[in-house]
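Okay, structure first, notes after.
Each chain gets a letter, A, B and so on, in the order its sequence line appears, and its residues count up from 1.
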Protein chains: 2
Amino acid sequence: MTEQNSAETCKRRQVHPESIAQVQASDFREDTAQGLAELFRTLGESTRVKILHALSCAELCVCDLSELLDMTPSAISHQLRLLRASKLVRFRRSGKNVFYRLDDEHVEGLLRQGTEHVREERNI
Amino acid sequence: MTEQNSAETCKRRQVHPESIAQVQASDFREDTAQGLAELFRTLGESTRVKILHALSCAELCVCDLSELLDMTPSAISHQLRLLRASKLVRFRRSGKNVFYRLDDEHVEGLLRQGTEHVREERNI
DNA sequence: CAAACAGTTGAACATCTGTTCATATATAAG
DNA sequence: CTTATATATGAACAGATGTTCAACTGTTTG
């Protein structure tokens with residue numbers, strides 16, 4: 001029973017080599033996984049979800065968001081920083097205000113697809 | 001200067017009432033935000049992203065995933081629990097093994113859309 | 001039955017994360 | 001220049017989270 005499973009480096013469990021090979025052939029890079037995780041981590045917080053939803057309705061300044069979410073401008077600003085870092089929002093300064101809006105249509109797409117999943121998750 | 005902005009409960013900042021009304025009219029529920037955040041939080045971790053990607057290639061048992069990601073079966077199992085809780089994966093027992101696969105097409109859609117965003121985020 | 005294998009689970013620990021608070025920057029108004 | 005408003009930022013603290021370790025359940029095999 002000389003299988004093609006090399007058990008030299010360490011003891012190998014009884015696995016499914018074909019399936020494993022199939023995954024390995026897909027060439028999924030470490031940094032792609034990291035980037036995806038970082039993006040979703042940014043989306044994975046209710047305050048930031050609320051901010052993004054609000055910005056999907058209208059362009060808003062920090063002050064507006066602060067009132068809408070009933071949170072301090074500081075807290076909002078900290079979250080906007082993360083949203084900016086993940087390229088989920090853009091901003092422009094106008095006088096004393098800084099107006100934020102969604103960066104592109106991908107963001108709304110992610111929110112929509114996520115919402116659909118949550119609905120199915122609960123209804124069906 | 002009697003504005004329609006009621007400053008009774010607490011001192012109000014100079015905001016943009018029209019934009020705020022626009023957001024409030026959208027009726028975005030608290031539990032929708034929570035559900036979305038929970039979903040994305042589950043997606044927001046590189047180990048889980050790798051698991052989901054692997055499962056998008058083939059149905060796999062814990063053992064396979066353990067070898068693919070070079071992690072202990074325990075660590076994998078803990079993460080699979082979260083993925084199950086968010087209805088991102090299904091599973092079936094077959095003998096000693098438990099095989100996992102993606103729950104529905106939404107999951108791949110989210111991964112695809114996320115990947116596109118990450119690519120744009122870096123290239124452009 | 002006992003032994004081996006596959007998977008799950010709870011506790012513990014280190015790390016990460018969101019909000020608060022104080023402070024700093026920037027623009028506008030007096 | 002001084003004051004007020006709008007926003008940003010760093011430190012700090014409490015709460016959340018991922019992996020490890022040990023113990024446990026369930027299935028197959030001898």
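- Considering B:Leu55, B:Leu43, B:Leu82, B:Ile51 in turn, B:Leu43 is the only one that fulfils the side chain to side chain contact (heavy atoms under 4.5 Å, CB included) rule with B:Leu88.
- Within the 4.0 Å cut-off from OP1 or OP2 of D:dT7, not a single side-chain nitrogen or oxygen of A:Arg84 is found.
- In this structure, CZ of B:Arg41 is placed 9 Å from C1' of D:dA16, rounded to the nearest angstrom.
- For the side chain to side chain donor-acceptor pair (under 3.5 Å) criterion with A:Tyr100, the lone passing option out of A:Arg84, A:Glu59, A:Arg92 is A:Arg84.
- A donor and an acceptor atom, one from each side chain of B:Glu116 and A:His106, are located under 3.5 Å apart.
- Listed nucleotides C:dG18, C:dT8, D:dT9 differ in distance to A:Ser77; the shortest reach to its side chain belongs to D:dT9.
- Along DNA chain C, the nucleotide closest to A:Thr47 and the one closest to B:Tyr100 are compared, and the more 5′ of them pairs with B:Tyr100.
- Close to C:dT19, at under 4.0 Å from its OP1 or OP2, lies a side-chain N or O of A:Gln79.
- With sequence neighbours left out, the salt bridge (Lys or Arg N to Asp or Glu O under 4.0 Å) criterion links B:Glu30 to A:Lys50.
- What separates CD1 of A:Ile76 from C1' of D:dA8 is a distance of 13 Å, to the nearest Å.
- Remark: B:Arg93 engages no residue in a salt bridge (Lys or Arg N to Asp or Glu O under 4.0 Å) (not counting sequence neighbours).
- Atom CZ of B:Arg48 is separated from atom P of D:dT17 by 9 Å (rounded to the nearest Å).
- In this structure, the CG atom of B:Leu82 is 14 Å from the C1' atom of C:dG10, given to the nearest Å.
- With C:dG7, D:dT9, D:dT19 as the candidates, the nucleotide lying closest to the side chain of B:Glu45 is D:dT19.
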Can you give one letter per nucleotide of nucleotides 21-28 of chain C, going 5' to 3': B for a protein heavy atom under 4.0 Å from the base, S for sugar-phosphate only, - for none?
-> BB----BS

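- Rounded to a whole Å, the CG atom of B:Asn97 is 10 Å from the P atom of D:dT28.
- Put simply, CZ on B:Arg81 is 16 Å from C1' on D:dT20, counting in whole angstrom units.
- Ranking D:dA8, C:dT8, D:dT19 by closeness to the A:Val98 side chain, first place goes to D:dA8.
- Between the CG atom of A:Leu65 and the C1' atom of D:dA8 there is a distance of 15 Å, given to the nearest Å.
- Whole-Å rounding puts the A:Arg92 CZ to D:dA6 P distance at 16 Å.
- With values rounded to the nearest 0.5 angstrom, A:Gln113 atom CD is found 11.5 Å from B:Leu36 atom CG.
- Using a 4.0 Å cut-off between charged nitrogen and carboxylate oxygen, B:Asp103 and B:Arg90 count as a salt-bridge pair.
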